[in-house]
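These notes concern the structure reproduced below.
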Amino acid sequence: MNVIRHMRIHKFKKKNLGYILVAKSTAIILLISIGIIYLTGNTGAYFNDNSTTTGTFTAGFWETVKEAWDKSSLNFLNENHDQVVAACGPTAIGTILKNTGENMQGQTEYYVFYKENGNPMQGEQVGEGIIHPIEHNQTGTIQFEVSEAGNYKFKALQRPGHGNKEDERHVLWSETITLNCEQPAGTEEKNDESESLKEESTSESNQADSDSETESQQEAENTEQSEEANVESDSSKEEQAIDNNNPESSDSGNSGGE
């Protein structure tokens, strides 16, 4: 019985050998696939770890720290008195600011506007600069070099928060500064008059110098003539003295009398 059973089992194995090989191959492939998935599963999870949630999301925000107003207040001293600067070419124009509030805790900005004719507030910006801190009731001067003839204005900004207005900067404008390259009427006449006066004074001085030279020459001639006269008188006196002291002349005179 054992022999028969063994032969049947052997016969069964030969008959189903193909199915067995296919099953083993499938099992091996499955094992290899599972191993590969296991080995690469963490890396895949690291790069592709996405999750989906439901609900609402509230974004965070950061509050901007705004600079507190330092209670300063700037004013242009001559804002109602326009200036006229008579010059040609590069010229420095300026204006004066006064701080009627508390001490400025920092600087602020200014801008320069220009228009050839009319209001510079409606013109173009040609420059800018910095206003350094000005103390309480003190003044400061701002200057800017310009070269084109026309009208200029300074635009200054108050310190941030001026008047407790945190969302805007308060603006103030200076007086109008006009750069005039033409000479005022009458200037040429005055220049001509001054030149004629200079010429007259020069001619008078020259005449006085010539008169003084003539007088000095006349005095020199008079001095020379007086010296010559003195010399002649001295010589005549000497001759007379010699004649008086010569006995021959007296004797001859006497003999002639006899």
Side-chain angles (χ1 to χ4, degrees), residues 55-192 194-195:
T56 59
F57 177 79
T58 303
F61 66 93
W62 290 265
E63 183 179 358
T64 302
V65 178
K66 295 183 179 180
E67 188 176 357
W69 179 33
D70 55 12
K71 308 297 181 184
S72 64
S73 184
L74 298 175
N75 295 285
F76 285 105
L77 286 183
N78 300 317
E79 60 180 335
N80 297 321
H81 302 283
D82 295 339
Q83 299 184 43
V84 177
V85 179
C88 297
T91 304
I93 61 172
T95 187
I96 301 174
L97 278 166
K98 184 176 182 180
N99 179 16
T100 57
E102 301 297 328
N103 294 343
M104 291 175 63
Q105 300 301 318
Q107 63 189 19
T108 187
E109 307 85 25
Y110 75 84
Y111 305 91
V112 183
F113 283 78
Y114 165 78
K115 193 171 185 181
E116 185 177 0
N117 295 302
N119 191 348
M121 294 172 61
Q122 302 172 356
E124 60 176 338
Q125 179 182 327
V126 295
E128 60 183 13
I130 296 298
I131 302 172
H132 296 286
I134 303 174
E135 295 184 353
H136 168 67
N137 271 343
Q138 298 299 314
T139 59
T141 302
I142 54 177
Q143 291 185 335
F144 191 80
E145 187 175 278
V146 297
S147 58
E148 297 292 333
N151 299 327
Y152 295 86
K153 266 185 182 292
F154 287 90
K155 171 186 174 182
L157 300 181
Q158 297 281 10
R159 289 277 296 153
H162 182 270
N164 295 319
K165 295 180 180 179
E166 298 180 351
D167 297 330
E168 61 179 329
R169 297 288 298 277
H170 187 75
V171 176
L172 60 156
W173 292 89
S174 73
E175 72 275 21
T176 299
I177 304 172
T178 302
L179 183 64
N180 187 3
C181 188
E182 298 179 357
Q183 292 184 351
T187 305
E188 295 180 356
E189 295 179 358
K190 292 181 180 179
N191 292 332
D192 294 338
S194 61
E195 289 179 358

Give the intermediate values and the outcome of side chain to side chain contact (heavy atoms under 4.5 Å, CB included) for residues Gln107 and Ile131. CA-CA 6 Å; Gln107 63 189 19; Ile131 302 172; over 6 Å; no
State, with a plain yes or no, whether a side-chain heavy atom of Val85 is found less than 4.5 Å away from one of Asn180. no
Heavy-atom side-chain contact between Gln158 and Leu172 under 4.5 Å: yes
Nearest 0.5 angstrom please: His162 NE2 to Trp69 CH2, how far? 5.0 Å
Test side chain to side chain contact (heavy atoms under 4.5 Å, CB included) on Thr141 and Gln143 and set out the steps. CA-CA 7 Å; Thr141 302; Gln143 291 185 335; 4.0 Å; yes
Indicate yes or no for a side-chain donor-acceptor contact from Asn103 to the backbone of His136 under 3.5 Å, with no hydrogens or angles considered. yes
Check whether any side-chain heavy atom of Asp82 sits under 4.5 Å from a side-chain heavy atom of Thr178, and report yes or no. no
Is the shortest side-chain heavy-atom distance between Asn164 and Lys71 below 4.5 Å? yes
Would you say that Val112 contacts Phe154 through its side chain, given a criterion of any heavy-atom pair below 4.5 Å between the two side chains? yes
Side chains of Leu74 and Met104 in contact at under 4.5 Å (non-hydrogen atoms): yes
Let's go through Ile142 and Thr95 carefully: what are the C-alpha distance in whole Å and the side-chain angles of both, what is the deciding distance for side chain to side chain contact (heavy atoms under 4.5 Å, CB included) to 0.1 Å, and is it a yes or a no? CA-CA 6 Å; Ile142 54 177; Thr95 187; 3.7 Å; yes
Mind checking the OG1-CG spacing from Thr139 to Leu97? Nearest 0.5 Å is all I need. 9.0 Å
Spacing of Leu179 atom CG and Asn151 atom CG [to the nearest 0.5 Å]: 9.5 Å
Should Ile177 and Gln83 count as side-chain neighbours, where that means a heavy-atom distance under 4.5 Å? yes
What distance do Phe76 atom CZ and His81 atom NE2 have between them, rounded to the nearest 0.5 Å? 14.5 Å
Hey, are the side chains of Pro133 and Gln105 touching, using non-hydrogen atoms and a 4.5 Å cut-off? no
Distance col, row Lys155:NZ vs Tyr110:OH, nearest 0.5 angstrom, shows 14.5 Å
Give a yes or no on this: more than 12 heavy atoms of other residues, nucleotides or ligands lie within 6.0 Å of atom CD of Glu109. yes
Using modelled atom types and a 3.5 Å cut-off, is there a donor and acceptor pairing between side-chain atoms of Asn99 and backbone atoms of Ser73? yes
Mind checking whether Tyr152 and Tyr114 have parallel, tilted or perpendicular rings, split at 30° and 60°? tilted
Between Lys153 and Thr176, do the side chains contain a donor N or O and an acceptor N or O under 3.5 Å apart? yes
Please check if the number of heavy atoms outside Glu148 that lie under 6.0 Å from its CD is greater than 12. no
